[in-house]
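In what follows, a single structure is set out as structure tokens and then discussed.
In this chain, residues are counted from 1 in sequence order. As a basis for the values below, the full set of heavy atoms in this structure was taken, side chains included, without hydrogen atoms, waters or symmetry mates.
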Amino acid sequence: VEEDGTALDILRTSNTFNPLMAFKDPERLRDMLILALELESEGDANYYFEFQTAFLTRLFHLFLATDKKFTFEDIAEFIMHPESRKYTYNLALERGKKEEVLEMSQILQRLKTGYPELLGLYNKIDQLFISDKKISKLINVYESEIDMKKSLDAKDMILFSLSCGNKFKTNKVLARMVVSIMNDLVGAKQGYEKKPFWMLILDEFGTYATKALAPMIVTARSSNTSMVLSYQTDEQLNEIDGLSGIIQNSTDIKFIFNSP
């Protein structure tokens, strides 16, 4: 809050960040979104997951084929509005990307009228990233002020303040996408001849743990990356198979606190 007790204007105190600009690989974008939104499920819901996975794969191939930057709003509009799909197809065709258009069209032809299989995906994207206008203005941008790789290479500091609060669900999803991006950046350093030193601090990461954490923790030391991890209990990590053990076995220094 401000000194006068009024709430901070997050549009004035925050930088824009579009996580969809982190990768030029459609499969990495797809996997990041699936992990963040927790789309994968068991039972009957898995039927929709398979369609959503196929759709996101072809969609990111198509979007990248246009050579234009894109946002969560663009994904939602593509799902809901025929004119948006037509516009995107034309952009891709202008660049000679007929195959990407054909593959996307084939996926949509397999769906029912109105695409009910994609309704859950649309609702999640709309509720988390679009309906809240302040969050939307920070995320749905074509020029992102935060570039994690550039900042890490320049030894700058980035602070993502993604606490619980009123925006818990959106913050949790954004934090998971940040983790996916960090995992990719840390893994990429394995191929560097000279590996720059990075320090990553993940505070209260138990609230946004994903499968992407495990490989990042395991490869951190060999990629000259130092990690500081804080969380409340091992119970927070049990949803990710093996994550608790990986953390226990991969950390050199451990501090354990117990409040009275």
Backbone N/O of [Y] and side chain of [X]: donor-acceptor pair under 3.5 Å:
X	Y	value
Asp203	Ser230	no
Gln190	Thr219	yes
Asp153	Lys150	no
Thr16	Leu138	no
Asp126	Tyr122	no
Lys189	Ser223	yes
Arg221	Ser250	yes
Ser144	Asn18	yes

* Structure fact -> Grouping ILVMFWY residues whenever side-chain heavy atoms fall under 4.5 Å, the cluster of Leu91 otherwise contains Tyr87
Identify, with sequence neighbours excluded, every residue that meets side-chain contact (heavy atoms from CB on, under 4.5 Å) alongside [X].
X	value
Ser136	Glu73, Asn140
Met148	Phe17, Ile146, Ile158, Phe160, Val178, Ile181, Met182, Leu185
Ala54	Ile107

* Identify the heavy atoms of Ile139 and Pro19 that sit nearest to each other, and give their distance. => CG2-CD, 4.2 Å
* Asked: At what distance, to the nearest 0.5 angstrom, does CD1 of Ile135 lie from CD1 of Ile130?
  -> 11.5 Å
* Pairs touching residues 234-253 that satisfy ring pair (Phe, Tyr, Trp, His ring centres under 6.0 Å), sequence neighbours left out -> none
* Asked: What pairs meet the ring pair (Phe, Tyr, Trp, His ring centres under 6.0 Å) rule with one or both residues in residues 219-249, with sequence neighbours excluded?
  -> Phe205-Tyr231
* Structure fact -> By side-chain hydrogen bond (donor to acceptor under 3.5 Å, both in side chains), Thr170 pairs with (sequence neighbours left out) none
* Can you list the residues that meet the side-chain hydrogen bond (donor to acceptor under 3.5 Å, both in side chains) rule with Arg85, with sequence neighbours excluded? -> none
* To do: Could you tell me whether Lys211 atom NZ has more than 12 heavy atoms of other residues or ligands within 6.0 Å of it?
  => no
* Check the pair Phe129, Val173 against side chain to side chain contact (heavy atoms under 4.5 Å, CB included), reporting the backbone distance first and the verdict last. => CA-CA 10 Å; Phe129 307 124; Val173 171; 3.5 Å; yes
* **Minimum side-chain heavy-atom gap Phe70-Leu64 below 4.5 Å** => yes
* To do: Check whether any side-chain heavy atom of Met32 lies under 4.5 Å from a side-chain heavy atom of Leu20, and answer yes or no.
  => yes
* For Glu235, all residues meeting salt bridge (Lys or Arg N to Asp or Glu O under 4.0 Å), sequence neighbours excluded -> none
* Asp25: salt bridge (Lys or Arg N to Asp or Glu O under 4.0 Å) partners, not counting sequence neighbours -> none
Without placing hydrogens or testing angles, list every side-chain donor-acceptor pair under 3.5 Å for residues 75-83, not counting sequence neighbours.
none

* Before giving the answer on side chain to side chain donor-acceptor pair (under 3.5 Å), spell out for Gln232 and Glu204 the whole-Å C-alpha distance, their side-chain angles and the decisive distance to 0.1 Å. => CA-CA 7 Å; Gln232 295 297 323; Glu204 297 291 355; 2.7 Å; yes
* Asked: Between Lys169 and Gln127, is a side chain to side chain contact (heavy atoms under 4.5 Å, CB included) present by the stated rule, with each step listed?
  -> CA-CA 9 Å; Lys169 290 183 178 180; Gln127 293 166 9; over 6 Å; no
Hey, can you pull the donor-acceptor pairs under 3.5 Å for the side chains in residues 94-102, sequence neighbours left out?
residue: Arg95; atom: NE; partner: Ala65; partner atom: O; Å: 3.3

